[in-house]
K.L.:
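Okay, handing you the structure first.
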Amino acid sequence: QETFVGDQVLEITPRNEEQIKHLVELEAEEHLQLDFWKLPTIPGETAHVRVPFVSIQAVKVFLESQGIAYSTMIEDVQVLLDKENEEMLLNRRR
Amino acid sequence: QRNGNFNFEAYHTLEEISQEMDTLAAQYPGLVSKVNIGQSFEKRPMNVLKFSTGGDKPAIWLDAGIHAREWVTQATALWTANKIASDYGNDPSITSILDTMDIFLLPVTNPDGYVFSQTKNRMWRKTRSKVSGSFCVGVDPNRNWDAGFGGPGASNNPCSDSYHGPHANSEVEVKSIVDFIKSHGKIKAFITLHSYSQLLMFPYGYTCTKSDNFDELNEVAQKAAQSLASLHGTKYKVGPICSVIYQASGSTVDWTYSQGIKYSFTFELRDTGRYGFLLPASQIIPTAQETWLALRTIMEHTLNHPY
């Protein structure tokens with residue numbers, strides 16, 4: 001089973017069309033293995049992307065260098081998944 | 001919280017969902033039956049619950065879980081199935097809907113993806129079909145419909161999560177629904193359930209131009225979102241897919257609308273903005289309860305505005 005230890009979900013708010021273009025370019029970088037949960041299309045609207053642990057530094061550096069605002073929506077995806085698994089096991093026992 | 005042995009406050013395996021569908025059909029034999037409309041790529045059955053009081057009636061279609069990882073949608077669909085069955089004969093609104101129309105409900109639209117998300121990769125969104133010439137697996141089934149297929153908002157890269165597939169209806173899961181809808185011929189409303197960030201949308205997704213029925217669809221959706229919000233205060237954003245979230249070609253409700261199904265809507269259920277697809281199971285029931293109010297509003301409108 002694939003694990004997602006250290007993966008984060010970032011909430012990104014592009015200010016203008018140019019920043020959206022930068023995010024689209026970022027998405028096309030296959031080696032980063034980004035999983036866009038909500039694509040960036042409208043300035044001011046949030047985009048959400050799951051960033052694998054190995055790509056976090058590169059992505060954050062890129063966002064900061066382009067002046068694109070972001071915050072961390074999920075700190076560690078695996079922590080949520082572990083809770084979900086525990087919940088499922090508990091419910092099954094019930 | 002419970003009905004028999006089934007716990008609605010939990011996420012379940014495909015087998016458990018299938019058993020619950022059988023239980024429901026057995027519990028309400030004069031109202032509920034299980035109809036097979038095809039098989040998935042990996043040969044899992046595509047089973048629909050049919051709610052019918054008999055006769056050859058027009059119908060409303062509901063489906064959930066076309067994107068495998070959105071588990072709260074499959075769970076909401078099953079809760080909804082129980083609600084429809086138990087309210088018939090007790091709730092005047094659902095009784096009059098079912099006296100005039102049938103309801104078809106497909107709780108797991110992408111069974112292979114659902115199983116894969118439960119056993120191998122929780123983030124899996126696509127089907128599990130093999131793509132010729134690529135090591136990547138699967139197609140985004142919500143980009144695979146014959147409506148602006150291959151246009152903006154879908155990827156031609158088989159490794160992308162929004163890969164549209166080699167051609168429209170290439171996914172057997174999509175084709176099975178297409179064939180069923182066409183052969184039925186009297187579907188009057190088509191509502192598809194996704195989950196992410198509280199949206200209620202209608203055509204178009206492949207283009208940002210307004211549909212001919214924009215005003216009416218917007219009015220119905222606004223009313224449905226108000227009903228939904230009345231229970232727990234969950235705020236939904238309402239509008240055409242293209243302007244509310246992003247341009248997306250080949251989507252389900254664009255195709256159903258092109259087939260003349262005027263009341264075509266797509267929900268993105270609550271994620272609360274904190275959990276994405278990983279909504280805690282404790283929120284299944286509140287999500288289903290509030291969604292039901294919106295679904296009922298759309299179904300009532302469909303009943304009262306025959307076309």
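Naming: A, B, ... by sequence-line order, numbering from 1 per chain.
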K.L.:
Should the pair B:R128 and B:F116 be classed as cation-pi, given the thresholds of under 6.0 Å to the six-membered ring centre and 45° from the axis?
P.N.:
yes

K.L.:
Quick check for you: to the nearest 0.5 Å, what is the distance between A:H22 atom NE2 and A:I12 atom CD1?
P.N.:
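One finds 13.0 Å between NE2 of A:H22 and CD1 of A:I12.
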
K.L.:
Using non-hydrogen atoms only, which part of B:E268 is less than 4.5 Å away from chain A: side chain, backbone, both, or neither?
P.N.:
neither

K.L.:
Check A:E84 with B:R122, please: is the shortest side-chain N to carboxylate O separation under 4.0 Å?
P.N.:
yes

K.L.:
Under the 6.0 Å and 45° cation-pi test, does B:R125 pair with A:W37?
P.N.:
no

K.L.:
Under a 4.5 Å heavy-atom cut-off, does chain B meet the side chain of A:E30, its backbone, both or neither?
P.N.:
side chain

K.L.:
Atom CD in B:Q222, atom CG in B:L200: separation rounded to 0.5 Å?
P.N.:
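With rounding to 0.5 Å, CD (B:Q222) is 8.5 Å from CG (B:L200).
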
K.L.:
Taking the ring of B:H67 and the ring of B:F277, is the distance between their centroids below 6.0 Å?
P.N.:
no

K.L.:
Go through the atoms of A:M73 and report whether side chain, backbone, both or neither lie under 4.5 Å from a heavy atom of chain B.
P.N.:
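Contact with chain B is through both the backbone and side chain of A:M73.
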
K.L.:
Check whether A:I42 gets within reach of chain B through its side chain, its backbone, both or neither, counting any heavy atom under 4.5 Å.
P.N.:
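For A:I42, the contact with chain B is made by the side chain alone.
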
K.L.:
Let me know if B:Y196 has heavy atoms under 4.5 Å from chain A in its side chain, its backbone, both or neither.
P.N.:
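Side chain only.
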
K.L.:
If I measure from the heavy atoms of chain A, does B:S160 come under 4.5 Å with its side chain, its backbone, both, or neither?
P.N.:
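Answer is neither: B:S160 stays 4.5 Å or more from chain A.
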
K.L.:
Tell me, out of A:D35, A:L80, A:V77, who's got the most heavy-atom pairs with chain B below 4.5 Å.
P.N.:
A:D35

